[in-house]
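Okay, structure first, notes after.
When a ligand or atom number is given, it counts from 1 through the structure's own listing order.
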Amino acid sequence: MTGMPSESKVDSKITKKLREIVGENNATDYKHIRYAYSYDLSFVSPKLPEYVVMPTSVEQVQEVMKFANQEKISVTPFTAGTNIGGLCIPENGGILLDMKRMNQIIRIDDESHYCVIEPGVSHAKLASELAKLGLRWSWPVGPPSASVSSNAICHGIGGLSGRYGLNSEEITSMEVVLPTGELVRVGSCAIQEDSWHSCLPLPRVDGLFTGWLGTTGIVTKIGLRVHPMPPVLKVFTASAENIGDLATYMRTLGNYEICDDITGVSWWLSQVPIPYPYKPKPDDAPEWVSFATTFSWTEKEKQAREEIWQSIMDEQTKNGSSVKSTVYPEEALRARTQLPSQIVGSTKNYTKQAGAGISWPGTFTPLNKWEPVYEQWKKILVERNLSPSVRVTNYRGVHYGMLRAMIPFPKKTPETIENARQAIVECLKVDLDAGGIPYKPPVDFGLEINKRAHPGYVELLRKTKKMLDPNDIMNTGKLAL
Ligand SMILES: Cc1cc2nc3c(=O)[nH]c(=O)nc-3n(C[C@H](O)[C@H](O)[C@H](O)COP(=O)(O)OP(=O)(O)OC[C@H]3O[C@@H](n4cnc5c(N)ncnc54)[C@H](O)[C@@H]3O)c2cc1C
């Protein structure tokens with residue numbers, strides 16, 4: 001891999017102090033360990049942290065933050081580092097705060113359907129505990145080792161987002177250590193210590209810690225709404241020759257609100273691994289395939305859904321659409337419905353053909369803009385020999401949804417990394433200009449967002465950040481302000 005991070009300045013007195021706080025084995029300045037935290041899969045340039053710290057208690061997190069704030073040392077929160085946007089790459093070096101060891105499931109309330117967890121709880125761990133109680137969460141198609149809480153605070157999405165929206169919309173309460181070391185609570189647990197059921201009807205101060213990319217505080221506990229798991233699964237699968245027909249079908253189906261997830265993937269994204277360099281799809285293969293997941297309590301309920309879906313398909317055919325019903329391989333269906341999945345969740349499936357790199361323009365875009373944006377993305381990506389491996393997904397109804405490309409590229413030379421970066425940023429500009437908004441944005445995207453933003457909005461971000469993090473130590477530079 002190219003782009004070795006340049007060496008940084010370690011101060012052994014700081015290492016000693018950090019070890020006093022978290023214990024001898026939980027803080028280090030060893031270079032080989034720091035190196036592992038200096039890069040991710042994305043095009044973002046690697047940077048070395050000077051210290052890696054793994055706290056095991058809230059008190060330790062508070063002490064680390066008080067010390068870092070006093071000494072003005074940057075702190076980058078981390079759980080599994082799978083965000084694919086360079087969000088955990090320490091732009092300013094400093095302390096890499098790995099929260100993985102705080103990994104307790106504190107409570108699963110199977111009557112009121114919420115759980116309270118620490119940030120190190122992985123999707124795999126929560127999934128196995130919820131399944132025992134017939135409950136589920138909106139699992140992303142990402143690595144099962146990644147953190148449920150990091151996904152939720154970064155507006156992550158998963159297999160229930162068509163029905164319930166973003167995973168951040170499921171947050172019921174939070175405990176957070178501020179950059180200055182104070183402990184705060186938001187949601188019902190702020191009023192009654194043991195009460196974690198709801199952020200509303202209080203003022204939505206949980207918004208101070210969601211979508212901020214770990215720049216405003218360290219989440220140490222989070223409450224999340226979970227959902228019952230109906231036993232009868234039916235997945236409707238279809239293909240389309242073009243994104244216009246696909247989007248019309250997905251919008252029509254979304255209107256009925258009968259699906260947990262409605263997703264379309266381009267031919268390139270449906271290949272395992274995704275092709276690198278770009279290769280044309282075979283003429284006889286449809287450009288898009290789609291799956292729509294439904295869960296019912298009874299066979300009769302499932303039949304009612306099938307009836308609705310069939311009437312939608314008949315309407316599409318009558319209108320001359322290219323949308324057709326298809327049969328999906330069993331393995332692919334399992335991968336889509338039994339998340340977190342070892343099949344699609346394996347990152348090597350995405351990257352192994354290309355050689356280590358993967359990045360995305362990941363956006364929330366209105367459904368009626370998918371077609372024009374995708375057509376431009378395809379042109380940009382193919383010209384740069386990259387796959388237009390695109391996914392579209394409805395979020396809670398039909399007014400907007402994900403429009404995202406998952407693009408593998410080799411990290412062997414600076415040129416191949418720069419080629420991917422330029423292509424992805426170009427795609428992003430097209431989407432921003434069409435009214436879309438990127439999620440989990442790398443700094444390059446943040447710059448493009450802020451360029452277009454209302455000055456009052458940018459000023460409000462600055463003031464809020466200053467209030468919470470007066471010395472600008474938390475994940476410095478990530479907001480591209
Ligand atoms: C192949 C692949 C597929 C993916 N598919 C999806 C998908 O379908 N949906 C989806 O949403 N995501 C997806 N992702 C992205 C990612 O896996 C998830 O968002 C994941 O849940 C992030 O968890 P993490 O532990 O890796 O977070 P990290 O990358 O460690 O952290 C993410 C951000 O949160 C901050 N942070 C971490 N811990 C804390 C804390 N305790 N307090 C405050 N800030 C903190 C970090 O500084 C960083 O800004 C995918 C990734 C890959 C590689």
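Side-chain contact of H197 with T172: a donor-acceptor pair under 3.5 Å is absent, judged by distance alone. Using modelled atom types, one finds no donor on one side chain facing an acceptor on the other under 3.5 Å when comparing Y395 with E169. Under the 3.5 Å distance criterion, with hydrogens and angles disregarded, a donor-acceptor pair is assigned to the side chains of Y114 and R107. T476 and S74 form a side-chain donor-acceptor contact under 3.5 Å, judged by distance and modelled atom types alone.
Counting all heavy atoms, side chain and backbone alike, P119 lies closest to M99 at CG-CE, 3.8 Å.
Those atoms of ligand 1 that come under 4.0 Å of a heavy atom in S147, given as number and element, are 21 (O), 23 (O), 24 (P), 25 (O). Near G156, with a cut-off below 4.0 Å to any heavy atom, the atoms of ligand 1 are 11 (O). Those atoms of ligand 1 that come under 4.0 Å of a heavy atom in N83, given as number and element, are 28 (P), 29 (O). The ligand atoms of ligand 1 that sit less than 4.0 angstrom from a heavy atom of P119 are 41 (N). Contact atoms of ligand 1 toward I84: 51 (C), 52 (C), 53 (C) (distance under 4.0 Å to a heavy atom of the residue). For ligand 1, the atoms closer than 4.0 angstrom to any heavy atom of H123 are 21 (O). Of all the atoms in ligand 1, the ones that sit under 4.0 Å from a non-hydrogen atom of K440 are 10 (C), 11 (O), 12 (N), 13 (C), 15 (C), 18 (C), 19 (O). The atoms of ligand 1 that sit less than 4.0 Å from any heavy atom of M406 are 1 (C), 2 (C), 3 (C).
By the criterion of a heavy-atom distance under 4.0 Å, both the backbone and the side chain of A80 are placed next to ligand 1. For N475, every heavy-atom contact with ligand 1 shorter than 4.0 Å involves the side chain, none the backbone.
Of the possible polar contacts, one joining the N475 side chain to the L213 backbone as a donor-acceptor pair under 3.5 Å is found. W377 places a side-chain N or O within donor-acceptor distance of the main-chain N or O of C427, the cut-off being under 3.5 Å.
Remark: ligand 1 and I153 share no N or O pair separated by less than 3.5 Å (distance only, no angle test). Residue P140 has no N or O atom closer than 3.5 Å to an N or O atom of ligand 1. Where the criterion is an N or O separation shorter than 3.5 Å, residue side chain and backbone included, I157 meets it with respect to ligand 1. Some N or O of T82 is nearer than 3.5 Å to an N or O of ligand 1, by distance alone. By the 3.5 Å distance cut-off applied to N or O atoms, L213 is counted among the residues near ligand 1. By the 3.5 Å distance cut-off applied to N or O atoms, V219 is counted among the residues near ligand 1.
Of the options N151, L97, T79, the smallest heavy-atom separation from atom 18 (C) of ligand 1 is shown by N151. With G159, G214, C154 as candidates, the residue nearest to atom 34 (O) of ligand 1 on a non-hydrogen basis is C154.
In this structure, T76 has no heavy atom closer than 4.0 Å to ligand 1. The closest approach between K478 and ligand 1 stays at or above 4.0 Å for every heavy atom of the residue. No heavy atom of H155 sits closer than 4.0 Å to any atom of ligand 1. Remark: distances from the non-hydrogen atoms of G217 to ligand 1 include one below 4.0 Å. Contact between G158 and ligand 1 is absent, with no heavy atom of the residue lying under 4.0 Å from the ligand.
Among residues two or more places apart in sequence or in another chain, the ring-ring contact (aromatic ring centres under 6.0 Å, His included) test is passed with Y164 by H227. With sequence neighbours excluded, the residues that form a ring-ring contact (aromatic ring centres under 6.0 Å, His included) with Y30 are H32.
Contact check for W288 versus Y374: side-chain heavy atoms found under the 4.5 Å cut-off. The shortest side-chain heavy-atom distance between K221 and V58 falls under the 4.5 Å cut-off.
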Inset, instruction - Would you please test D431 and R404 for salt bridge (charged side-chain N to carboxylate O under 4.0 Å, His left out) and show each step? - result: CA-CA 10 Å; D431 186 75; R404 175 199 91 181; over 6 Å; no
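Between F364 and Y439, the ring-plane angle classifies as tilted under the 30° and 60° cut-offs.
The CD1 atom of I73 lies 8.5 Å from the CD atom of E50; values are rounded to the nearest 0.5 Å.
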